[in-house]
Student: 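Handing you this structure, nothing more for now.
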Amino acid sequence: MKIEIVTTGDEVMQGVIVDTNTAWIAERCAGLGHEIVRQTAVGDDLEAIGDALMSAAARADCVIVSGGLGPTADDLTMEAAAKAFALELVRDEIVLDGIRAWFERAGRPMSKSNEKQALIPEGATVLENRVGTAPGIHAELGGADVFFLPGVPKELFQIFEDAVFPWLHERARTACAFKVLRCFGIPEASVDERLFGMDLFGARLSFRVKFPDILLKLLGCGQTTMEAQRSVDAAAAAIRGRLGDIVYGEGETSLAEVVGDMLLKRRMKLAVAESCTGGLVCSLITDVSGASTWFERGVVAYSNRAKEEILGVAAEILRINGAVSEEAARAMAEGVRRTSGAHIGVGLSGIAGPGGGMPAKPVGTLFIAVATPEGTAAHHLSIPRDRQWFKQMAAATALDLVRRELLGRTA
Ligand code: ATP
Ligand code: MG
């Protein structure tokens with residue numbers, strides 16, 4: 001079903017409040033496999049609301065409207081709808097009694113203006129509001145089913161879940177299934193390029209960047225849940241085939257979780273020696289519940305003295321090659337591996353900026369080394385962005401390098 005969402009309110013237009021209602025409604029509708037074809041926001045203006053309602057109703061099968069059902073002078077949605085569609089608004093005594101009862105329960109006097117909330121278009125269905133005064137309204141207008149909901153989120157949610165969602169659910173022709181593939185290591189545009197022209201077995205693919213990850217969301221629809229799931233699974237397998245180990249996981253799984261799982265299966269432990277990331281790698285690792293089973297220790301060795309004293313990095317290396325060098329990163333990785341007894345040691349050293357850059361080693365220079373029982377691999381990267389970006393990208397890259405190292409080892 002084609003659905004449009006219309007949000008009303010000067011506060012939304014002026015950016016005073018963020019329109020979270022639209023996002024929430026859209027997600028619920030899309031989850032049922034309905035298609036959101038347009039989202040419109042208009043101010044508290046009779047003509048603008050009327051226009052938006054008429055054009056949405058002309059295009060879509062269903063229109064969901066948020067806001068402007070309150071009692072005050074700026075609550076104009078029903079009046080605008082009545083004008084636009086030449087409707088008669090009639091006072092609904094049951095609704096009015098309900099509003100009166102609500103005020104009684106709340107121990108507050110009802111004002112005259114609340115009576116306005118009992119004005120319902122002729123022939124429309126009233127949708128009970130259990131948490132506030134303004135009921136929702138369902139009316140057939142201009143060839144579409146239009147749902148009017150209050151702007152207050154908790155009232156909107158309740159009426160939507162009680163009345164609108166079941167209605168939409170009945171009309172969801174199809175069953176749907178989702179899958180999210182999590183990628184790391186290449187830019188969004190490159191992922192897109194690699195997937196160009198792919199057969200996705202009827203599934204729909206959308207990209208989302210959740211820095212530093214790229215999420216590929218697959219939506220598959222079919223007559224049955226099994227058919228929908230099959231379409232999504234086939235598309236996911238095809239994408240994995242193209243992207244290979246750029247896809248590190250699915251759903252909500254973080255890179256650190258994936259690394260942890262791999263270490264656990266191989267009965268290995270990890271130790272980390274960080275400089276420029278200041279402990280961020282360890283923070284990502286310890287975000288994972290149960291990390292103690294595979295994470296041995298982390299060291300933040302910021303100064304040269306710390307690198308020498310804690311990790312046993314040779315003073316020579318620091319003097320000749322510098323703290324930011326392949327040699328230093330190697331020595332850090334090997335040092336933390338040796339002193340901890342872990343199977344794998346990781347060392348990071350770089351220049352996060354904005355200060356501290358040199359012609360030979362500009363801001364963004366990063367060395368990551370991964371030490372294993374078989375030897376040490378060092379990587380030279382360049383991440384010339386702001387400090388936070390640098391740290392996050394560097395930390396995620398370190399985890400990803402460990403993941404890639406583990407991919408080559410059987411579980
Ligand atoms: P009321 O009876 O409170 O006037 P209403 O149905 O007329 O309800 P609005 O006046 O449009 O709704 O909005 C009431 C409040 O609800 C706003 O002040 C705001 O806090 C919240 N709200 C309205 N629209 C949105 C939206 N699109 N997203 C999130 N919150 C919203
Ligand atoms: Mg209002």
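Each ligand, and each atom within it, is numbered from 1 in the order the structure gives.
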Student: Against heavy atoms of P150, which atoms of ligand 1 measure under 4.0 Å?
Tutor: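 Per the distance check, 6 (O).
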
Student: Please round to the nearest 0.5 Å and tell me the distance separating atom CD1 of I239 and atom CD1 of I246.
Tutor: 12.0 Å

Student: Short list, please: which atoms of ligand 1 are under 4.0 Å from a heavy atom of T20?
Tutor: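 Those atoms are 28 (N), 29 (C).
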
Student: Around E93, counting heavy atoms of other residues, nucleotides and ligands shown, do more than 12 lie under 6.0 Å from its CD?
Tutor: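 More than 12 heavy atoms, drawn from other residues, nucleotides or ligands, come within 6.0 Å of this atom.
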
Student: Kindly confirm whether the Mg ion (ligand 2) is within less than 2.8 Å of some N/O/S atom in D74?
Tutor: no

Student: Using a 4.0 Å cutoff against the non-hydrogen atoms of G67, which atoms of ligand 1 qualify?
Tutor: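 It comes down to these atoms of ligand 1: 6 (O), 11 (O), 12 (O).
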
Student: So which bit of P153 gets within less than 4.0 Å of ligand 1, heavy atoms only: side chain, backbone, both or neither?
Tutor: side chain

Student: Would S349 and S275 count as a side chain to side chain donor-acceptor pair (under 3.5 Å) if you check the C-alpha gap in whole Å, the side-chain angles of each, and the deciding distance to 0.1 Å?
Tutor: CA-CA 5 Å; S349 176; S275 183; 4.9 Å; no

Student: Under 4.0 Å from a heavy atom of V18: which atoms of ligand 1 are those, numbered in the order shown and with their elements?
Tutor: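 Atoms satisfying the 4.0 Å criterion: 28 (N), 29 (C).
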
Student: Is it true that K2 and D61 make a salt bridge, defined as a side-chain N closer than 4.0 Å to a carboxylate O?
Tutor: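 Result for this pair is no, no salt bridge flagged.
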
Student: Taking the N/O/S atoms of D75 one by one, which is nearest to the Mg ion (ligand 2)?
Tutor: OD1

Student: Looking only at non-hydrogen atoms, find the nearest pair between T72 and K116 and report the distance.
Tutor: O-NZ, 2.7 Å

Student: Looking only at protein heavy atoms, which one is nearest to atom 25 (C) of ligand 1, and what is the separation?
Tutor: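 Looking only at protein heavy atoms, the one closest to atom 25 (C) of ligand 1 is N21 ND2, 3.2 Å.
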
Student: Apply salt bridge (Lys or Arg N to Asp or Glu O under 4.0 Å) to R59 and E4, showing your working.
Tutor: CA-CA 8 Å; R59 284 185 298 253; E4 292 207 14; 2.5 Å; yes

Student: Tell me the contacting part of D75 for ligand 1: side chain, backbone, both, or neither, using a 4.0 Å heavy-atom threshold, strictly below.
Tutor: side chain

Student: Quick check: closest heavy atoms across P150 and L69, and the distance to 0.1 Å?
Tutor: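 Scanning both residues, the minimum pair turns out to be N-CD1, 3.4 Å.
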
Student: Do any nitrogen or oxygen atoms of V12 come within less than 3.5 Å of a nitrogen or oxygen of ligand 1?
Tutor: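 Checking ligand 1 against V12, no N or O pair falls under 3.5 Å apart.
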
Student: Heavy atom under 4.0 Å from ligand 1: found in E11's side chain, backbone, both, or neither?
Tutor: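 Just the side chain.
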
Student: Distance to 0.1 Å, residue and atom name: give those for the protein heavy atom nearest to atom 27 (N) of ligand 1.
Tutor: D19 OD1, 2.7 Å

Student: How far is atom 8 (O) of ligand 1 from its nearest protein heavy atom, and which residue and atom is that?
Tutor: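 The protein heavy atom lying closest is V152 CG2, 3.9 Å.
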
Student: Considering non-hydrogen atoms of the protein only, which is the closest contact for atom 9 (P) of ligand 1, and what is the distance?
Tutor: G68 N, 3.8 Å

Student: Record the part of T7 in heavy-atom contact with ligand 1 below 4.0 Å; permitted values are side chain, backbone, both and neither.
Tutor: side chain

Student: For atom 2 (O) of ligand 1, find the nearest protein heavy atom and state the residue, atom name and distance (0.1 Å precision).
Tutor: G70 CA, 3.2 Å

Student: Could you label the plane-to-plane angle of the F165 and F160 rings as parallel, tilted or perpendicular, counting under 30° as parallel and over 60° as perpendicular?
Tutor: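 Because their plane-to-plane angle lies in the 30° to 60° range, the rings of F165 and F160 count as tilted.
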
Student: How does I17 reach ligand 1, by side chain, by backbone, by both or by neither, if only non-hydrogen atoms under 4.0 Å count?
Tutor: side chain

Student: Please give me the minimum heavy-atom distance between R266 and T410, naming the atom from each residue.
Tutor: CG-O, 3.6 Å

Student: So which atom in A398 and which in V281 form the shortest heavy-atom distance, rounded to 0.1 Å?
Tutor: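 Scanning both residues completely, I find the closest heavy atoms to be CB-CG2, 4.3 Å.
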
Student: Which heavy-atom pair separates I99 from M110 by the least distance, and what is that distance?
Tutor: CG2-SD, 3.9 Å

Student: Which residue supplies the protein heavy atom nearest to atom 23 (C) of ligand 1, what is that atom called, and how far is it?
Tutor: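 Atom 23 (C) of ligand 1 sits closest to the protein heavy atom G151 O, 3.4 Å.
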
